[in-house]
Each structure stands twice: as C-alpha cells, then as structure tokens.
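Below you'll find the structure, written out as structure tokens, and then a few comments.
Keep in mind that this is a model prediction, so the values were computed, not measured. Counting begins at 1 with the first residue of the sequence.
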Amino acid sequence: MGKKLIIVESPAKAKTIGKFLQNKFIIKASNGHIRDLPKRNFGVDPSDDFKAKYVVDPAKKKIIKELKLAAKEADSIYLASDHDREGEAIAWHLTEVLKKEIKDKDVHRIIFNEITKTAITEAVKNPGELDINKVNSQQARRILDRIVGYNVSPVLWKIVTKNLSAGRVQSVALRIICEREEVISKFEPVESWNVYAILFKDKLPEFKATLKKWKDKKPNFKTEVEAKVLLDTIKTDKYIIESIKKAVRTINPGPPYITSTLQQDAARIFNFSAKKTMMVAQQLYEGIELSQGSVGLITYMRTDSLRVSQEAITNSRKLISERYGEKSLNPKPRYFKNKNSAQDAHEAIRTTNCSNTPESIKSYLTKDQLNLYTIIWQKFIATQMLPVKMNNKELVITIGDATFSANGSSIENKGFLVAFPHTKVILGEKIDNGYVKDDILKSKETSSKQSFTKPPSRYTEALLIKELESKGIGRPSTYAAITNTIRSRNYVILKAKRFHPTELGLTVNKLLVASFHEFFNVEFTAAMEDSLDKVMYGEVEWHNLLKQYYESLNVLISEVDFKEAKKSAIEETDLKCEKCGSMMVIKWGRNGQFLACSNFPECKNIKNFTRNENGVVEILKPKTLDKKCPKCESDLILKEGKFGKFIACSNFPKCKHTEPYTIGIKCPDCEDGQITEKKNSKGRFFYSCSNYPDCKFITNNKPVAISCPECGNHYLEEKKTKDKGEFKECPKCKNVVY
C-alpha cells in the first residue's frame, strides 16, 4: 500500500485529523498560505490578463522543504484546507509550489464542514478535485484589493500624507461610520412630554399607564405647560377600565449561528471583538484535547449558510427529549431558509456532537473557549425546542377626554429560553388578574416626563458587522479583518465600545468620496461582491471583471484635481502667524495634524495645536518645568520631536540646550542614569538609559515606579499578551502583578 499524504493549514487541525485516521496517513500542515502577492511591489501585470506574480513567504521556506520531501515520497496527496474560497486558494497554491513533486501522482481535494471521525473518513473515501472557479474568485478578490491599494493609496499620499492606505471594502465601512457621524453632528433634538399615571384598585398591585390619546388624537405635548394643562384637567375625573384585551403570543427561536450573528452575540454577551471571536472559534473547530483525544467541537465557523445536516438535527432532538423532556421538543424538526447569496454547501455553526454539553467538557476549555462554545451549543439546541408562549394583556383606561393604556406580559411556557437564556423578552407591566372591565381606579401619582428625540447611535463593532451583512458588503471570512483594519489605520477609535471616526478618518473619507464615489459606495461594493460570487459559480469571467474595474478606476484617478483636493484637506483657523501676520492653517504631516502658516513657503512657521471642549483650535503651549536651564537660567520646557519627548530651553534658538526626558526611574544596569522614553522611526515607544551610549540598557516595555512585592525590585514593566491581557511583570524575578 502506497504512502498517502494529507496537507492541512494548521498543526492543531493535523493533530485532530491524525487521531481519526489512526496514523494510516502522513499529515503535514502548511500553516496557512505558503505564497502571496509581493509586499513591496504591485505584483500584477494588467497587460498580461492580470497575471499575478506570486512569491513564496520567506518564513515558510522550511515548511515548503518538508512538504516537498513528503510529497515526493507519497503516492497520493490529499489537499484538506478549509472549505471556502481562501481554503481553495491555499490548496491551489500548494499544487503550484509542489508541481514537480506531485507530477503524475494522484492529487485529491477533500472538504468537510466539521473535524469529526465520520466527516474525515467520508471525505477521504469520496475525494474531489480543486474547484478552479472558487480559486479564481479568491484571486480576483485579492487582485481587486491590490489594485485599490496600489493605485488609490498614492492619491492619498499626494493629498494628505505618506503611509495612508485605501481599501476596496474597508473604505466603504469607514464611509458608513463617517456618514453616521455626520447625521449625529447635524441632528437637532425635538422636545416632547409624555404623561403617566400610577393606578390601582383597593389592595391590588399598582401599575403604570401611559397616555395614548387626548381628545381622540395622539398626544403631542411640546412643553411642560401643555402637559400640565392635561394633568389639571383630569384631576377630578375617574379612571375607568374601558377594555381588557388578551392575546397569546409566541416567540420562535432564531436560526443557528452564522459568522456574523456569532460575532454579534459574542460582542453583546461577552464583549468579544470580532477578531477574538474568530480566533477562539478556530480553536474549537480545529480540535480541543478531551479525555478521548483531540476533538473538533464545532463546525466550520466562516459561513453564511443556515443549513444543518439531518443527522445533527436528529441527535439534537434526542438530547432535548432526554435533557429537558419530550414536552420541550418542537413537534416537527425546524429548518431555516438560506438567503440567496449563502453558500449552501456549507452548514451553520453548530456543535459537532451535542452530547458534549458545556458542563461536561468545562475542565478542558479556557474561559473564552467555554463561553463561546456554550452559546453555540445553546443556540443550536434551542432551534429544535418549543417557542416561548406569552400571555399578553392590554388595559385601555379612560378618564374624561384622555385615554391611557398599560401593557403587560407573562411567560406561560419558557420554551427554548430554558436552553438559550440570552434572548431578550420584554414583559412590560405586571397587571394583576384581579383587574376587570369597568373597574374604577384610583391614581397614586400622575406625572409628565420630558424627552428628546435622539440621533441614531454610533456603531458598535457588532452593529457595524450587522450593517455590512445587511448591505451585502464583505463575506463571513472578511468581517473581522474589515473592522480590525480601519482601527489599525487610526481611521476610527473605540469610545465606550462605539466607533468614532478620527480627524484622519474623516479627511480620508471626504477625499475618497469626492474623487471615487462610484467605487467606494455601498451599492457598487455589494454588486462587486455578487460578481465575485458569480465568478465562484462560473457565471462571470474573472479577467474581464478585473479589466473593467482597473480601467474605470484609472479614469477616475486621471481626473483627480490634486491642487483642489489638497486645498480641501487643509483646515482654516482664526489664528494669526506671530512671524508674518498671515492666517494659520491646519495641515497633515507624517505625525498627524499641525498648524502651519498659510504664507508657506515664504514663512515656515509651524506649531502644535489642541482643540478645547468647544472644538476651537488653540496653540499648544509647551509645559514649563520647575527647573532652569543650566546654561542661560531660562525656563526649561517639555517638547516632543520626531523621536519622542525631550527637555529644551525656552530661549531657543538663542540657547540650544537640551536634555533627555526621563520617567523618574533609576536605570537598573548602571544605577547612575535615568530611564528615558523615546520613539523609533516607526512611531513605537522604547525605553533606554539617559547615559547612552555608555549604558546600553533598553526595553520595549514601559517601566512603572512600583516595587515588586516578591523581590523588592524598584520597578515593574507593563505588558500585554493575548492569554493574560494587560499585566505588570517584574523584570528581575518575573513575578506577575494584575
């Protein structure tokens, strides 16, 4: 029997698959993509049908060497990368790099939605071939993104500053955030007053009723005086229950998770970022070491399909009967319909074995893994349970010309909430069954409350992903990358978990919309996503799609008026230049915005600035220190330059005395100098000794003046890792302090 080689993406996946195949196969991991477009040049030839010049990742040379050796010795090769466009492209790149070693050999493509013994065994028994249409769809997406990055980004460099970048999809996400910010900034709240009454009868529990009609019209009180007139009018009348309306309402469970809804719930329930959600889900998918060995706990997590296998539905219904009782089970299996763009070959995100309950495998999972696995398990089980049954009650109460109403609900049957308790159910008022029609009620209290219309809220990461999905922008594998990219580029920041565009983000968006509105808009981007899907289904020729996009984009670039665009990126101020009397303007530079004289280049005066609480621009005055210059006795000031903070004489340029800025901690090496804070050419902070070059002490971690409680060392260092989060560590004894 010849040797058989399976190539997967990750070592974790290889370990799990190897267990199921009982060492009958050689299993190797490529650790993701082994080649890509070059980082430092375009790497695409538009004149030759957009031929891509792929290069091998230098970090993967050792892995490729091992793969070539294994492929050379194998008789059959099975490519087992993930079941999506990216996975198909990884498999294709492997065949290209290993072309010599796999020539004249059987090369198979195996796919599976879950890493279980049944799925893996079945995939190996029924191998397929590479889906070149799926590969071309991924290539088209990658090249489209490269076209935007290498053609539009230089436009931003010429207008704003170097090192900015534009992205085909990310720029649209930025536009959505900026347009929401514009709506918020222009919003003018409208005042209104609502009227309430706390009502009761005898010893029955009181409830709150809200005014719904006044003289047969919907109330619209714009001032407190108008609301008070009504309250004074009804003081002497009686509250009478005119009607009691009862209804039974059911709430059906939602579908199992897809990528976007999992990211949204993980953010809502656990405050996970989309990036963290996908990282943890990947761990659960690839395999967790349980008592029986490595087991893939969930199905593939990059999916927009709601399809669930019949076997999984049958198993979940069996568990529900055993765990919650036959009465908790929905009478018929519940299925969910996919949207048109969903990949039906995939499944929804579910547990691979519902018998692996969260509590039964708790000890094998990290806290984050357990949290995410729990809601995936709960959500899937809930899909086959009874709906929540609600008893709704509405009381209509009249008093003179006013009509009040009170609404309340009670849960008759919890249904699927027993399994998935994270669904919000609004109960309203608790209205006792003792209240009946024609009851005369007393008022404990009547009041009016001021309210204002509110602007739409800013996007959280979860809400932005929901918006992108609803508009058809991006796909399951791209949501986390989109939100992460606009943050890493400093186009947006998160405040109270909501996206706020930065000045840089607003400027970039303004320029992109002005010059490339046809490309960076919701409708065009969604249509392009559909076209990429059609490439995957063999309905669109990908080279023609690239050619059309490339030519249209170049036309727009040729029409950019750089002189006018540069003017639009400059902000005028009311400040005058103290050197020549011209007005100061705000410009963009490598390190952000700065004040410059509008008479440049004749006057080269520049200043740092700040904005006060009203947004007014003010010159940022350097901080004066409580010490004098040793050369001229002038005040010393704290300044910030290209390489970080430093101390300088206020009498510059007559006196050019400078000192390093120290953070008040003695150098641990020479014990004579002080630790200074500096910045490298990439803008990253590091800390070194003020006696450099005589003392070579350096660290990337910020020292803080806190003594180590373990060994007494005079300082700790601030650190941050994925596993531990933010913490402080003693550099001497490695004691960790939170």
Side-chain angles (χ1 to χ4, degrees), residues 156 159-164 174 177-178 181-182 184-186 458 486-496 498-511 566-600 603-627 629 634-653 658-664 676-685 702:
L156 295 177
I159 297 171
V160 187
T161 185
K162 291 284 186 181
N163 299 323
L164 296 182
L174 174 64
I177 293 170
C178 290
E181 193 69 23
E182 185 179 5
I184 293 170
S185 65
K186 292 180 179 179
R458 293 180 176 89
I486 57 176
R487 286 182 66 187
S488 64
R489 289 176 180 169
N490 197 33
Y491 292 163
V492 300
I493 56 173
L494 277 176
K495 293 181 184 177
R498 294 188 179 271
F499 283 122
H500 293 245
T502 61
E503 288 294 330
L504 179 60
L506 290 167
T507 301
V508 167
N509 178 66
K510 178 182 175 183
L511 294 171
K566 282 183 179 180
K567 284 183 182 178
S568 70
I570 295 173
E571 181 182 344
E572 296 180 352
T573 74
D574 294 329
L575 301 174
K576 283 191 175 181
C577 174
E578 75 272 18
K579 291 186 177 180
C580 72
S582 301
M583 301 306 293
M584 300 290 282
V585 294
I586 297 175
K587 292 185 175 182
W588 285 96
R590 180 188 295 179
N591 298 315
Q593 290 179 297
F594 63 96
L595 274 173
C597 181
S598 59
N599 195 28
F600 178 85
C603 178
K604 298 180 180 179
N605 184 27
I606 61 171
K607 297 282 183 182
N608 289 326
F609 72 94
T610 185
R611 298 180 194 267
N612 64 22
E613 57 186 18
N614 296 317
V616 177
V617 176
E618 298 175 345
I619 293 175
L620 184 64
K621 296 178 181 178
K623 181 182 179 181
T624 303
L625 305 177
D626 294 330
K627 52 195 265 189
C629 174
S634 298
D635 290 333
L636 289 176
I637 57 176
L638 183 64
K639 301 185 78 175
E640 186 158 355
K642 182 179 180 181
F643 298 108
K645 296 176 183 177
F646 65 97
I647 296 170
C649 181
S650 59
N651 197 25
F652 180 85
T658 61
E659 298 176 13
Y661 168 71
T662 63
I663 60 175
T676 65
E677 179 185 88
K678 294 185 178 180
K679 194 189 296 182
N680 63 23
S681 58
K682 293 183 178 180
R684 295 171 184 160
F685 288 103
K702 183 178 181 180

Could you tabulate the donor-acceptor pairs under 3.5 Å formed by side-chain atoms of residues 575-586, not counting sequence neighbours?
residue	atom	partner	partner atom	Å
Glu578	OE1	Asn605	ND2	3.2
Glu578	OE2	Lys607	NZ	3.2

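Judged purely by atom type and a 3.5 angstrom limit, Ser650 uses its side chain to pair as donor or acceptor with the backbone of Asp635.
To the nearest 0.5 Å, the span separating CG on Leu620 from CZ on Phe609 amounts to 9.5 Å. For the atom pair Thr161 OG1 and Gln593 CD, the distance stands at 11.0 Å (nearest 0.5 Å). From Leu506, atom CG reaches atom CG of Leu511 across 11.0 Å, with rounding to the nearest 0.5 Å. If you take NZ on Lys645 and CZ on Phe685, they are separated by 7.0 Å, rounding to the nearest 0.5 Å. Distance check, rounded to the nearest 0.5 Å: OG of Ser598 to CD1 of Ile570 gives 9.5 Å. Atoms NE2 and CD, on His500 and Glu181 in that order, are 6.5 Å from each other to the nearest 0.5 Å.
Residues Pro660 and Ile647 come closest through the heavy atom pair O-CD1, 3.9 Å. Shown here for Gly505 and Cys178, the closest heavy-atom pair between the two residues is O-SG, 3.9 Å. The minimum heavy-atom distance linking Leu638 with Pro622 is given by the pair O-CB, 3.6 Å. What you find for Leu595 and Asn608 is that their closest heavy atoms are CD1-O, 4.3 Å.
The number of heavy atoms from other shown groups lying within 6.0 Å of CZ (Arg487) does not exceed 12. When the shell of 6.0 Å around NZ of Lys566 is examined, it contains 12 or fewer heavy atoms from other residues, nucleotides or ligands. Residue Asn680 places its CG atom among more than 12 non-hydrogen atoms of other residues, nucleotides or ligands, all under 6.0 Å distant. Atom NZ of Lys587 is surrounded by more than 12 heavy atoms from other residues, nucleotides or ligands within 6.0 Å.
In this structure, the side chain to side chain donor-acceptor pair (under 3.5 Å) partners of Arg489, at least two apart in sequence or on a different chain, are Ser165.
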So Tyr491 and Leu164, side chain to side chain contact (heavy atoms under 4.5 Å, CB included) or not? Walk me through it.
-> CA-CA 10 Å; Tyr491 292 163; Leu164 296 182; 3.9 Å; yes

Show the numbers, then the answer: is there a salt bridge (charged side-chain N to carboxylate O under 4.0 Å, His left out) between Glu571 and Arg611?
-> CA-CA 13 Å; Glu571 181 182 344; Arg611 298 180 194 267; 2.9 Å; yes

For Phe499 and Arg458, what are the C-alpha separation, side-chain angles and deciding distance, and is it a side chain to side chain contact (heavy atoms under 4.5 Å, CB included)?
-> CA-CA 6 Å; Phe499 283 122; Arg458 293 180 176 89; 5.9 Å; no

Step-by-step side chain to side chain contact (heavy atoms under 4.5 Å, CB included) determination, Leu504 to Trp588 = CA-CA 9 Å; Leu504 179 60; Trp588 285 96; 3.5 Å; yes

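Side chains of Asp574 and Val616 form no contact here, defined as non-hydrogen atoms less than 4.5 Å apart.
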